[in-house]
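A short worksheet on the structure shown next.
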Amino acid sequence: MASDDLRATRLEKAQQLRELGINPYAYRWEVTHQAAALQEKYADLGNGETVDEQVAIAGRILNRRVFGKLAFFTLQDETGTIQLYLDKKTIQDSMADVDADAFAHLKQLTDGGDILGVKGTIKRTDKGELSVAVSEFAILTKSLQPLPDKWHGLTDVAKRYRQRYVDLIVNPDVRQTFRRRAQVTTAIRRFLSDRDFLEIETPVLQSEAGGADARPFTTYHNTLDMALYLRIATELHLKRLVVGGFERVFEIGRIFRNEGVSTRHNPEFTSIEVYWAYGDYHDMMVLTETLITTVTKEILGTLELTYQGQAVDLTPPWRRATMHELVQGATGLDFAQFATLDDAKAAAKEAGIGNLDKCDAIGRVLNEAFEQAVEPTLIQPTFVTDYPVEISPLAKPHRSKPGLVERFELFMVGRETANGFSELTDPIDQRKRFEAQAARKAAGDLEAQGVDEDFLLALEYGMPPTVGMGMGIDRLIMLLTDSPSIRDVIAFPLLKPEDREAAEE
RNA sequence: GGGUCGCUAGCUCAGCGGUAGAGCACUCGGCUUUUAACCGAUUGGUCCUGGGUUCGAAUCCCAGGCGACCCA
């Protein structure tokens, strides 16, 4: 039967309910129990046994098995499913004054997908299924759309993302993923709050995007008649707060980057940035390690994970190695020995590193070598330290290694997961770094940002020695939920409209 | 950006040049222990879109759309 016919059938049932004096879109239902709690509480109830405890539950009808004078429904609430045992005689006796044909109406006017409220007692059927033996029921919401195939569910990936609500209804794993995501962000907030970090929200709309190398989205304020950018990082505002005297601040917030879409990239994603005055990047590596292990242990109960078939052991302490050491180990190249950019490029090319054309500094050649030869091999958690200054415009120079900065990145399963550094607090040096970025921007680098004069002014008032760290929440959730795509951990990922022409009209 | 694969009923899929199919869902009938309930009957289509080849296209060709995977 066609989609419209299925919908018409259900609309007709809603109308019949109204004619019976029943509102197919009810106002409330007194819920006393949830499915998972009942399943747990009565796990030991024997087959055929009953319990004289009155319960009231509500949820969505997933499946109906209807006989002449008996029916079994599978009801799903947020916590799980439980069977309804619907016996004609019991229901007719209990509901005689409400609806003399209640059982017939239950059979005729309900469909899979409807939201049902029931009252009854607990019973484990002869066949061993824990059930609510229903005495009274009410159709709380009439569903007009048919549910996907009860056996195969919804498997079309595009449809799952476009209609996430259907995905959530029929795929319990998806609900588990988003439940876990919420648990993780809650646990992170608790961890930081316990250590006296304050969460302060900073602007999404900015007249100057900064704090990262990325193309921003542009937008427009009508009344002020000005162009605005959506933020590409929370960094520069959080550091202004440190200047203002907040010594421990963080923000979990949405970041927008105008770049491609892939299994690891969504144009809007969630980051956490943490700033801690009077600490350096060694302190932050310890804090990052402690934060991730504490949260993981709390949520998963173990530090030994499996990600897409790979074993990942988060037991601390995690490996720490400099970028130079790792590149030398993988390629044999010692970047400290190169006197000129051309020498570095020639040697890197010799070692099989490609994509070097755009590298305008030895540090960028080193970074290419790292990304190509080392990054994919870092499966177990690894802090890579001491980055070239050229690719780290906001980090403080290394206290003993010229040309490097005090920076770390955390890699797990071959992916960058966190990035931190001793923050650059010298306003004059920061201006030079910004100007170098601005020159790149002027030369056509769409990911380079300009000079943020107000941030420089803030630094001139004086920022205490501070360490900062940023982490991609989505990538962390991917790891903790064993999700292959970032779209599996974002409830509503960006998709192109299904019908381009219709969308453009 | 390149390559490969996919798009057929509400859902899951078959059909690959000769009348558009199945299971589930829906509708009707039967049924008081089912759990992918079962039995019987019926119903349901822009075969992603547009163009081309052909007597004839879901099927072959070209272009486009959306998506998945791999590569950069």
Side-chain angles (χ1 to χ4, degrees), chain A residues 1-13 16 35 39 46-50 61-76 80-93 103-104 106-114 123-134 142-163 166-167 169-171 259-266 308 353-358 368 371-372 375-376 483-488 493-505:
Chain A
M1 196 181 282
S3 174
D4 283 350
D5 295 338
L6 294 170
R7 184 166 175 276
T9 302
R10 287 164 176 246
L11 270 174
E12 171 60 26
K13 289 179 183 178
Q16 286 180 46
Q39 295 284 6
N47 291 2
E49 291 181 14
T50 59
I61 300 170
L62 283 192
N63 198 355
R64 295 168 3 114
R65 296 175 292 280
V66 179
F67 298 77
K69 294 170 186 165
L70 179 70
F72 300 93
F73 287 9
T74 304
L75 198 75
Q76 172 173 268
T81 61
I82 190 165
Q83 178 170 274
L84 304 181
Y85 178 93
L86 300 146
D87 166 63
K88 180 178 181 179
K89 189 169 186 310
T90 307
I91 287 171
Q92 296 285 46
D93 289 351
F103 188 77
L106 178 78
K107 287 204 296 181
Q108 288 162 9
L109 301 179
T110 64
D111 291 289
D114 290 353
K123 168 191 180 80
R124 189 175 292 281
T125 61
D126 296 344
K127 299 289 170 68
E129 190 73 28
L130 187 71
S131 310
V132 173
V134 175
K142 186 69 200 161
S143 168
L144 301 182
Q145 296 290 335
L147 289 179
D149 188 288
K150 63 189 172 192
W151 182 244
H152 299 95
L154 187 67
T155 59
D156 183 286
V157 178
K159 199 157 282 180
R160 286 185 44 219
Y161 296 149
R162 286 184 201 283
Q163 292 187 275
V166 180
D167 192 27
I169 290 168
V170 298
N171 294 322
E259 55 197 23
V261 174
S262 77
T263 49
R264 286 184 293 280
H265 299 86
N266 194 62
Q308 302 296 297
I353 306 301
N355 196 29
L356 296 169
D357 295 346
K358 278 192 271 181
E368 277 297 335
E371 286 183 1
Q372 291 174 41
E375 196 172 311
S483 298
S485 169
I486 196 170
R487 290 173 163 184
D488 295 324
L494 184 73
L495 295 170
K496 292 188 188 178
E498 227 166 344
D499 185 341
R500 211 104 221 250
E501 286 175 30
E504 283 169 1
E505 275 170 11

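Letters A, B, ... are given to chains in the order of the sequence lines, protein chains preceding strands, and every chain is numbered from 1.
As judged by a 4.0 angstrom heavy-atom cut-off over every strand, A/K88 is placed among residues making no nucleic acid contact. At a threshold of 4.0 angstrom between heavy atoms, the contacts of A/N355 with the nucleic acid are absent. Here A/T125 lies in heavy-atom contact (under 4.0 Å) with a base. At the heavy-atom level, A/G153 lies under 4.0 Å from the strands shown only through sugar-phosphate atoms. When heavy atoms are screened at a 4.0 angstrom cut-off, A/V170 is found touching no nucleic acid atom at all. Note on A/K13: only backbone sugar-phosphate atoms sit closer than 4.0 angstrom, heavy atoms only; bases stay farther off. Counting any heavy atom pair closer than 4.0 Å across all strands shown, A/T263 reaches sugar-phosphate atoms only and no base atom. Counting any heavy atom pair closer than 4.0 Å across all strands shown, A/R124 reaches no nucleic acid atom.
Remark: the separation of the P atoms in B/U33 and B/G45 is 37 Å, to the nearest Å. When the P atom is compared between B/G21 and B/A68, the two are found 33 Å apart, to the nearest whole Å. Comparing B/C13 with B/A25, their C1' atoms sit 15 Å apart, to the nearest whole Å. For B/G23 and B/U43, the C1' atoms lie 15 Å apart once the distance is rounded to whole Å. For the C1' atoms, the distance linking B/A22 with B/A9 amounts to 11 Å, nearest Å.
For a distance-only test at 3.5 Å, the side chain of A/N63 fails to qualify as a donor-acceptor partner of the base of B/U35.
With B/U12, B/G10, B/U32 as the candidates, the nucleotide lying closest to the side chain of A/L6 is B/G10. The A/L495 side chain lies nearest to B/G67 when the options are B/U12, B/G67, B/U32. Among the nucleotides B/A68, B/U27, B/U33, the one closest to any side-chain atom of A/F67 is B/U33.
Nearest-nucleotide mapping onto RNA chain B: of A/K89 and A/V157, the residue sitting toward the 5' end is A/K89. Both A/P148 and A/F72 lie close to RNA chain B; mapped to their nearest nucleotides by heavy-atom distance, the more 5′-ward contact belongs to A/P148.
Dashed line: the shortest gap from a side-chain N or O of A/K159 to OP1 or OP2 of B/C11 is under 4.0 Å. Under 4.0 angstrom from either OP1 or OP2 of B/A25 there lies at least one side-chain N or O belonging to A/K150.
Using modelled atom types, one finds no donor on one side chain facing an acceptor on the other under 3.5 Å when comparing A/Y161 with A/D156.
Of all nucleotides present, only B/G67 satisfies the Watson-Crick or G-U wobble test against B/C5, with each distance under 3.5 Å.
For the pair A/L154 CG and B/A25 C1', the interatomic distance rounds to 14 Å; values are reported in whole Å.
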